[in-house]
J.: 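Handing you a structure now.
This one's a predicted model, so the numbers in the text were calculated from it and none came from an experiment.
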Amino acid sequence: MTHPLIQRLFDDYGYPEVTLDNHDDFIRQAGITVLFFAGDPKTVRDSTDVAVVLPEIIKVFRGRLQPGVVAADAEHRLQRRYGFMGWPALVLLRDGGYLGAITRIQNWTEYLSEISAMIEGEVRRPPGFSIPVVSA
């Protein structure tokens, strides 16, 4: 069972769950999709905050964004695909092409500014997933 604030995204807003099986079809739909990577609410402090903010973001952009909640068992595999490091994350895609990611909770104006810039921007390659190397 997931946290009630995340569960309400399914129950109250009808957001689909994005799994490894349906991910490609979900992101290839026309327009801009938003993948919500919540992480485990017990260990990811901001996940419930982003779960509350996400419907407000969707409302502000008036149907231009199609949200989906990434299934817990698909999160880490898809995280590697999109190369973000912080949790929770919102990953924006246009017609399946990567636009960018916003991690952790942000203030409202940052969400509006960053999402607007992504919507107007070009599709680009996701950042590579890397592990820092420390020398002794």
J.: Could you check whether any side-chain heavy atom of Asp95 comes within less than 4.5 Å of a side-chain heavy atom of Ile27, counting everything from C-beta outward?
T.: no
J.: When you measure from the side chain of Glu17 to the backbone of Gly68, do you find a donor-acceptor pair of N or O atoms at a distance under 3.5 Å?
T.: no
J.: So which heavy atom on Thr2 is nearest to which on Gln7, and how close?
T.: CG2-OE1, 3.1 Å
J.: Do Leu65 and Trp108 belong together in a cluster built from hydrophobic side chains that touch within less than 4.5 Å?
T.: yes
J.: Do you see a donor-acceptor pair shorter than 3.5 Å between the side chains of Arg8 and Tyr13?
T.: yes
J.: I'd like to check Met85 versus Thr103 (side-chain heavy atoms, cut-off strictly below 4.5 Å). Are they in contact?
T.: no
J.: Does the plane of the ring in His76 sit parallel, tilted or perpendicular to the ring in Trp87? Use 30° and 60° as the thresholds.
T.: tilted
J.: Is there a ring-ring contact (aromatic ring centres under 6.0 Å, His included) between Tyr15 and Phe36? Walk through the geometry before answering.
T.: CA-CA 10 Å; Tyr15 293 179; Phe36 175 38; 8.8 Å; no
J.: Let's go through Leu35 and Val69 carefully: what are the C-alpha distance in whole Å and the side-chain angles of both, what is the deciding distance for side chain to side chain contact (heavy atoms under 4.5 Å, CB included) to 0.1 Å, and is it a yes or a no?
T.: CA-CA 6 Å; Leu35 296 173; Val69 180; over 6 Å; no
J.: Just verifying a value: how many Å separate Met118 CE and Arg124 CZ, rounded to the nearest 0.5 Å?
T.: 7.0 Å
J.: Taking Pro41's backbone N and O only, do any of them form a donor-acceptor pair with Asp46's side chain (distance below 3.5 Å, no angle check)?
T.: no
J.: Just by distance, no angles: are the side chains of Thr19 and Asp21 close enough, under 3.5 Å, to form a donor-acceptor pair?
T.: no
J.: Atom NE2 in His3, atom CG in Asp40: separation rounded to 0.5 Å?
T.: 10.5 Å
J.: Using every non-hydrogen atom in the two residues, find where Val70 and Glu75 come nearest and quote the distance to one decimal.
T.: CG1-CG, 3.7 Å
J.: Show the nearest heavy-atom pair for residues Ala38 and Ser47, with the distance to one decimal.
T.: O-CB, 3.0 Å
J.: Evaluate the ring planes of Tyr98 and Tyr82, with Trp represented by its six-membered ring, and classify them as parallel (under 30°), tilted (30 to 60°) or perpendicular (over 60°).
T.: parallel
J.: Mind checking the CG-CD spacing from Asp49 to Gln106? Nearest 0.5 Å is all I need.
T.: 11.5 Å
J.: Of all heavy-atom pairs between Gly96 and Leu93, which one has the smallest distance, and what is that distance?
T.: O-CD2, 3.8 Å
J.: Identify the two heavy atoms, one from Gly97 and one from Val123, that lie closest to each other, and give their separation to 0.1 Å.
T.: CA-CG1, 3.4 Å
J.: Kindly compute the distance separating CZ (Arg94) from CD (Gln29), expressed to the nearest 0.5 Å.
T.: 14.0 Å
J.: Tell me whether Asp24 is salt-bridged to Arg81, with the criterion being a basic N under 4.0 Å from an acidic carboxylate O.
T.: yes
J.: Look up atom CG in Leu92 and atom OG1 in Thr33, then write down how far apart they are to the nearest 0.5 Å.
T.: 7.5 Å
J.: Which pair of heavy atoms, one from Pro55 and one from Leu9, lies closest together, and at what distance?
T.: CG-CD2, 3.6 Å
J.: Does Ile58 share a hydrophobic cluster with Phe61, counting links as ILVMFWY side-chain heavy atoms below 4.5 Å and allowing steps through other members?
T.: yes
J.: Honestly curious: do Val34 and Leu5 fall in one hydrophobic cluster under the side-chain, below-4.5 Å linking rule?
T.: no
J.: Grouping I, L, V, M, F, W and Y whenever their side-chain heavy atoms are under 4.5 Å apart, do Leu54 and Val52 come out in a common cluster?
T.: no
J.: Just by distance, do the side chain of Ser116 and the backbone of Ser113 share a donor-acceptor pair under 3.5 Å?
T.: no
J.: Decide yes or no on side chain to side chain contact (heavy atoms under 4.5 Å, CB included) for Val44 and Phe37, but give the supporting numbers first.
T.: CA-CA 11 Å; Val44 178; Phe37 289 78; over 6 Å; no
J.: I'd like to know if the side chain of Gln66 and the backbone of Ile32 have a donor-acceptor N/O pair within less than 3.5 Å.
T.: no
J.: Is there a side-chain contact between Leu99 and Ile119, using heavy atoms and a 4.5 Å cut-off?
T.: no
J.: Which residue in the set Thr48, Leu90, Ile105 passes side-chain contact (heavy atoms from CB on, under 4.5 Å) when paired with Val53?
T.: Ile105
J.: Measure from the side-chain N and O atoms of Glu114 to the backbone N and O of Ile102, and report whether any donor-acceptor pair falls under 3.5 Å.
T.: no
